[in-house]
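Notes follow the structure.
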Amino acid sequence: MKIEEVKSTTKAQRIASHSHVKGLGLDENGYAIQSSAGLVGQELAREAAGVVVELIRSKKMAGRAVLLAGPPGTGKTAIALGIAQELGSKVPFCPMVGSEVYSTEIKKTEVLMENFRRAIGLRIKETKEVYEGEVTELTPVETENPMGGYGKTVSHVIIGLKTAKGTKQLKLDPSIYESLQKEKAEMGDVIYIEANSGAVKRQGRSDSYATEYDLEAEEYVPLPKGDVHKKKEVIQDVTLHDLDIANARPQGGQDIMSMMGQLMKPKKTEITDKLRKEINKVVNKYIDQGIAELVPGVLFIDEVHMLDIECFTYLHRALESTIAPIVIFATNRGKCTIRGTEDIVAPHGMPMDLLDRVMIVRTLPYSQEEMTQILQLRSETESIQIEDESLQQLGGIGVRTTLRYAVQLLTPGMILAKINGKDNVGKEEIEEIDKLFFDAKASAKMLQEQEDKYLK
Ligand SMILES: Nc1ncnc2c1ncn2[C@@H]1O[C@H](COP(=O)(O)OP(=O)(O)OP(=O)(O)O)[C@@H](O)[C@H]1O
Ligand SMILES: [Mg+2]
């Protein structure tokens with residue numbers, strides 16, 4: 001059975017609570033479009049986020065921090081993810097939640113440091129001598145095994161590479177045949193082979209094969225221009241954490257990873273501070289030589305009030321270092337005690353000195369109209385049919401309770417509608433579902449009224 005013949009019955013994308021967010025939805029002047037890219041309203045916060053994106057792109061913001069502050073369900077996490085989408089895949093974005101630092105196995109600061117380094121990218125440019133082209137021929141030539149016996153071994157491999165200019169036939173070492181197999185290179189693929197290391201890289205399928213199958217799981221690339229044998233600029237995007245890992249567990253790979261690996265002592269199993277320092281040194285050298293370029297990305301710490309004083313102190317120091325990402329915090333707390341202290345009450349549960357460094361972006365509660373729009377977006381992503389009137393009604397519930405609660409009622413509403421033998425969610429379902437569940441505020445109120453009936 002071939003995969004091309006199988007029609008998948010599951011949805012193309014899993015539905016997560018933010019999967020409708022595709023960007024920040026700003027116009028070319030940086031103003032927020034009321035409803036665009038999956039975001040609705042919250043214009044000022046989105047415009048501020050747009051400025052942050054610009055600062056990151058112009059690389060003027062390393063080591064700075066932004067705090068998204070606002071009541072629950074006002075879109076802080078959604079906006080942070082919008083920033084990630086705007087930055088694209090080439091700028092590292094590392095999301096974490098404050099409570100992730102608490103583990104019995106790893107130190108808190110170690111978790112923070114690891115995520116810090118995940119958020120710092122390095123773009124490495126190398127000029128390599130390569131053979132590049134579309135594979136037109138791939139024949140392993142076998143000979144009798146020189147050790148005797150019945151088996152045959154590959155003595156060399158003949159490979160044909162085609163570019164826009166012409167075709168060249170190469171006779172290569174059998175070790176390259178293994179690399180070719182590892183990369184799963186086949187006829188019709190565009191590959192390049194590094195001249196001095198013999199490393200093979202498959203770039204994708206030649207676009208003359210583009211309409212071969214219905215299921216487009218392939219990346220199609222144009223036929224390379226120029227000669228087969230040439231100098232080529234190869235760009236690699238890695239994060240500092242990738243380099244840490246590669247050197248902690250040397251695997252003898254190709255490219256820069258192993259080149260850096262060779263510089264350090266092999267057989268390390270743990271990422272130590274010393275190893276990181278060592279890597280920073282090499283990275284700085286590469287930057288000075290112009291081979292590598294630092295790409296400060298974003299470290300997003302959601303629920304930042306979960307961090308304790310020790311973490312805050314560490315963060316404060318880390319932000320001062322020369323290699324630092326942009327840090328975006330988010331919190332829904334007002335004044336509260338800083339974790340790990342007895343009685344230091346501070347805004348957002350963050351120490352004042354750290355707070356002093358950050359730029360604060362506020363998110364405000366939504367109006368009923370905006371809630372209805374967001375609910376509409378969500379019902380579309382979750383493929384739930386719902387009448388306009390019921391959406392309005394849910395928006396009203398959202399104003400009374402919270403946006404998140406209203407969003408969460410969509411799916412149960414659909415289930416009720418199905419039970420009632422209907423295709424779309426109507427007024428009755430919303431009313432019924434609203435009676436079945438309690439939101440946080442209503443539940444708290446009820447607890448207070450009936451305090452004596454509950455155990456303490
Ligand atoms: N402006 C918006 N446009 C579209 N969807 C939104 C918007 N704001 C929030 N949402 C959606 O509403 C839900 C709740 O928002 P989100 O999780 O971002 O809130 P939050 O401010 O992070 O809340 P908390 O403080 O509880 O973490 C999410 O599904 C989110 O995608
Ligand atoms: Mg959140």
Side-chain angles (χ1 to χ4, degrees), residues 13-27 31-50 52 66-86 93-100 298-307 327-336 347-350 360-384 386 391 394-395 397-413 439-441 443-444:
Q13 207 184 10
R14 273 186 297 163
I15 301 170
S17 61
H18 302 287
S19 47
H20 60 287
V21 180
K22 302 277 183 281
L24 288 170
L26 305 175
D27 66 15
Y31 292 109
I33 303 165
Q34 204 273 339
S35 169
S36 171
L39 284 181
V40 173
Q42 211 65 270
E43 283 89 354
L44 286 180
R46 279 161 59 200
E47 284 163 16
V52 172
V66 175
L67 171 66
L68 291 164
T74 48
K76 297 178 294 295
T77 309
I79 288 175
L81 295 179
I83 293 179
Q85 300 268 9
E86 291 288 334
F93 184 92
C94 171
M96 70 174 285
V97 179
S99 50
E100 264 172 51
V298 176
L299 171 62
F300 172 51
I301 308 183
D302 210 350
E303 322 276 329
V304 65
H305 50 264
M306 291 303 292
L307 297 180
V327 183
I328 300 180
F329 302 112
T331 181
N332 54 19
R333 296 298 153 99
K335 258 185 175 325
C336 60
H348 312 299
M350 283 170 82
I360 301 178
V361 176
R362 277 210 312 158
T363 56
L364 303 167
Y366 294 112
S367 67
Q368 175 165 356
E369 197 43 48
E370 286 165 337
M371 293 230 185
T372 311
Q373 277 178 300
I374 296 172
L375 283 161
Q376 166 131 38
L377 277 177
R378 284 307 302 174
S379 62
E380 276 161 24
T381 0
E382 295 182 33
S383 331
I384 289 172
I386 178 162
L391 269 180
L394 257 186
I397 293 177
V399 172
R400 197 189 72 219
T401 61
T402 61
L403 170 63
R404 190 170 284 129
Y405 176 71
V407 169
Q408 271 166 358
L409 289 185
L410 279 171
T411 314
D439 66 284
K441 283 184 212 158
S443 170

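Just so you know, ligand 1 is whichever comes first in the structure, and atom 1 is the first atom listed for that ligand.
Between Val407 and Arg404, the closest side-chain pair of non-hydrogen atoms is not below 4.5 Å. Under the 4.5 Å side-chain criterion, counting only non-hydrogen atoms from C-beta, His305 is in contact with Asn332.
At a 4.0 Å cut-off, at least one heavy atom of Glu303 sits close enough to ligand 1 to count as contact. Remark: distances from the non-hydrogen atoms of Gly38 to ligand 1 include one below 4.0 Å. For the ligand labelled ligand 1, residue Gly73 lies inside the 4.0 Å heavy-atom shell.
In this structure, Lys22 contributes its side chain and Gly38 its backbone to no donor-acceptor pair below 3.5 Å. The main-chain N or O of Ile33 is found under 3.5 Å from a side-chain atom of Arg46 such that the two form a donor-acceptor pair.
The N/O atoms of His20, backbone and side chain alike, include one that comes under 3.5 Å of an N/O atom in ligand 1. Between Gly70 and ligand 1, a contact under 3.5 Å exists for no N or O pair. In terms of polar-atom proximity, Ile374 is not counted as a contact of ligand 1, lacking any N or O under 3.5 Å from an N or O of the ligand. Ligand 1 has an N or O atom lying under 3.5 Å from an N or O atom of Arg404, backbone or side chain. The shortest N or O to N or O distance between Arg378 and ligand 1 is not below 3.5 Å. Considering backbone and side-chain N/O atoms, Val407 never comes within less than 3.5 Å of an N/O atom of ligand 1. Between Gly75 and ligand 1, at least one N/O pair is under 3.5 Å apart.
Val399 approaches Ser367 most closely through the heavy-atom pair CG2-C, 4.3 Å. Here the closest non-hydrogen pair linking Phe93 and Ala80 is CZ-O, 3.6 Å. Nearest heavy atoms, Val40 versus Tyr366: O-CE2, 3.9 Å.
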Stepwise, does the side chain to side chain donor-acceptor pair (under 3.5 Å) test hold for Thr411 with Glu382? CA-CA 8 Å; Thr411 314; Glu382 295 182 33; 2.9 Å; yes
Between Leu364 and Thr74, is the side-chain contact (heavy atoms from CB on, under 4.5 Å) condition met? List the steps. CA-CA 6 Å; Leu364 303 167; Thr74 48; over 6 Å; no
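Atoms of ligand 1 lying under 4.0 Å from at least one heavy atom of His18, given by number and element, are 16 (P), 17 (O), 18 (O), 28 (C), 30 (C), 31 (O). Atoms of ligand 1 found under 4.0 Å from any heavy atom of Asn332, numbered from 1 in the order shown, are 24 (P), 25 (O), 26 (O). Counting the atoms of ligand 1 from 1 in the order shown, those under 4.0 Å from a heavy atom of Val40 are 1 (N), 2 (C), 3 (N), 4 (C). Close approach of ligand 1 to Pro72 is summarised as follows: ligand atoms under 4.0 Å from at least one heavy atom of the residue are 23 (O), 24 (P), 25 (O), 26 (O).
Atoms CD and CG, from Gln368 and Leu375 in turn, are 10.0 Å apart once rounded to the nearest 0.5 Å.
The Mg ion (ligand 2) has an N, O or S atom of Thr77 under 2.8 Å away, backbone or side chain.
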